[in-house]
Protein chains: 2
Amino acid sequence: MATQADRSAGASQRKRADAVRNEKTLLDAAAAVFVTSGVEAPVRDIAARAGVGTGTIYRHFPTRADLIIAVYRHQVEACAEAGPALLASSATPHAALGRWIDLFVDFLVTKRGLAGALQPDNAGFDTLHAYFLDRLVPVCTQLLDAAAEAGEIRPGTHAYELMRGVGNLCIGADSDPNYDARRLVELLIAGLLRQR
Amino acid sequence: MATQADRSAGASQRKRADAVRNEKTLLDAAAAVFVTSGVEAPVRDIAARAGVGTGTIYRHFPTRADLIIAVYRHQVEACAEAGPALLASSATPHAALGRWIDLFVDFLVTKRGLAGALQPDNAGFDTLHAYFLDRLVPVCTQLLDAAAEAGEIRPGTHAYELMRGVGNLCIGADSDPNYDARRLVELLIAGLLRQR
DNA sequence: CGTTTAACGGAGCAAGGTTCCGTTTCCTCA
DNA sequence: TGAGGAAACGGAACCTTGCTCCGTTAAACG
């Protein structure tokens, strides 16, 4: 099978072996450091952990957002793909929405500082914000539309707003035993139901 | 009449005139800078605006939290005091709660970066977090209890959690026309209602 | 092998928070 | 009123962290 080298676009060349190796090393190091120090951990710490210079990090991941995205891409994709599946397997669209949001919340609250880094104005993190939104807002829209069509929820809520709200509720959810983001998100989703 | 010097505690002495003057100057400068640059504005900016050295800021307000608290104390107090009044004047406790939360949200969304600074883990900002909570959680508890007693809302929600949730929803609410914190908070409060 | 050049590493600069200490200013009391 | 002493001031200096730049290393290929 083909190696990780991408030769398809014509002008592109195979990557050097050390570059490939370092990229993998960096991703592992970053993931480890993110767990202990959060996604805003100093660049030098990640570099030290990986045993490379700081310049190498910036060459592979020009902004911190790029690094964070690379580390969590698989999980975000999995979450996005779960949307349609839940819609098909749940009793009602609103139930599917609730379960999908749960998935998203589970992801966020287990990644120290990630929810906080998703702020749109957070300079340098706009790529991160954009990636999450590009990937997840369409899925959320689909679920929301289905629930609205079924007459379950009040109309007028936008997926973007809901995603941001849920993301915000997850900020600081680790590290505070008296704050349960899941419960609040549940309230929020309940509030979405059409009031009779 | 007595000057601002507090001589009551026995060991305390009158403050020097220049110190009193500088404290006032600093509060004004900080308030102005917070409006344009948010509550995380560089210390040097505030010092420059006030025409004092950075040392002077740290002497009067050892941590940034102390400065922020001093700037917004009046408004927080006003919000706290509005709670019982609303409870007395509203049709139902849940309505009072909703209106009180509105007050709080209005306050937060008009203070650039304040909601974000309220995070409990935000090193150096714990005093800020504690002050807001000490002052507002009891008020919120009172409203919540009244609504629970009236059978309007589902039991089991803690004031602390609700306040943090509302605060989180307000993060980044300025500077993003597509994100309306008020609407989401409204959903959250609606979700509090006992489901029939 | 020798050449080319991608990739590396870390010194160094900028920005911001915080401390420290020599200087200034105010208060008090004779 | 005018020393003397202490409180308060100011900003230089230091630390941490993000990011860049460029001399050095080593992979790839003929």
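Order of the sequence lines sets the chain letters (A, B, ...), proteins ahead of strands, with each chain counted from 1. Values below: every heavy atom of this structure, side chains too, minus hydrogens, waters and symmetry copies.
- For the 3.5 Å distance criterion, the side chains of B:Thr63 and B:Asp66 qualify, holding a donor opposite an acceptor.
- In this structure, A:Pro120 and A:Asp126 approach most closely via the heavy-atom pair O-CB, 4.4 Å.
- The side-chain contact (heavy atoms from CB on, under 4.5 Å) with A:His94 is formed by just one residue from the set A:Leu144, A:Leu143, A:Leu193; it is A:Leu193.
- Listed nucleotides: D:dG18, C:dG16, D:dG10. Nearest to the side chain of B:Pro42: C:dG16.
- Rounded to whole Å, atom C1' of C:dG17 lies 9 Å from atom CZ of B:Arg64.
- Remark: A:His60 is not in phosphate contact with C:dA7, judged by side-chain N or O atoms under 4.0 Å from OP1 or OP2.
- With rounding to whole Å, A:Asp66 atom CG is found 15 Å from D:dG18 atom P.
- Between A:Phe34 and A:Arg112 the shortest heavy-atom distance is O-CB, 4.0 Å.
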Legend entry - nucleotides 19-30 of chain C: protein proximity per nucleotide (B base, S sugar-phosphate only, - neither; heavy atom, under 4.0 Å): B-----BSSS--
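- The pair B:Asp28-B:Lys24 counts as a salt bridge, with a side-chain nitrogen and a carboxylate oxygen less than 4.0 angstrom apart.
- With hydrogens and angles ignored, a donor-acceptor pair closer than 3.5 Å exists between the side chain of B:Arg44 and the base of C:dG17.
- Taking the six-membered ring where tryptophan is involved, the planes of B:Phe104 and B:Phe132 are tilted, since the angle between them lies from 30° to 60°.
- In terms of phosphate contacts, B:Asn22 brings a side-chain nitrogen or oxygen within less than 4.0 Å of OP1 or OP2 of D:dC9.
- One can place CD of B:Glu40 at 11 Å from P of C:dT18, the figure rounded to the nearest angstrom.
- The distance from the CG atom of B:Asp180 to the OG1 atom of A:Thr157 is 10.5 Å, given to the nearest 0.5 Å.
- Ranked by how close their nearest DNA chain C nucleotide is to the 5' end, B:Ala41 and A:Gly53 are led by A:Gly53.
- Between the CG atom in B:Asp174 and the NZ atom in B:Lys111 there is a gap of 10.5 Å [rounded to 0.5 Å].
- Residue-to-nucleotide proximity on DNA chain D shows that, of B:Ala19 and A:Asp45, the 5′-proximal contact is made by B:Ala19.
- Each end of the helix from C:dC1-D:dG30 to C:dA30-D:dT1 gets its own axis, taken as the rotation carrying the C1' atoms of four end pairs onto the next four within a five-pair window, and the two axes meet at 10° to the nearest 10 degrees.
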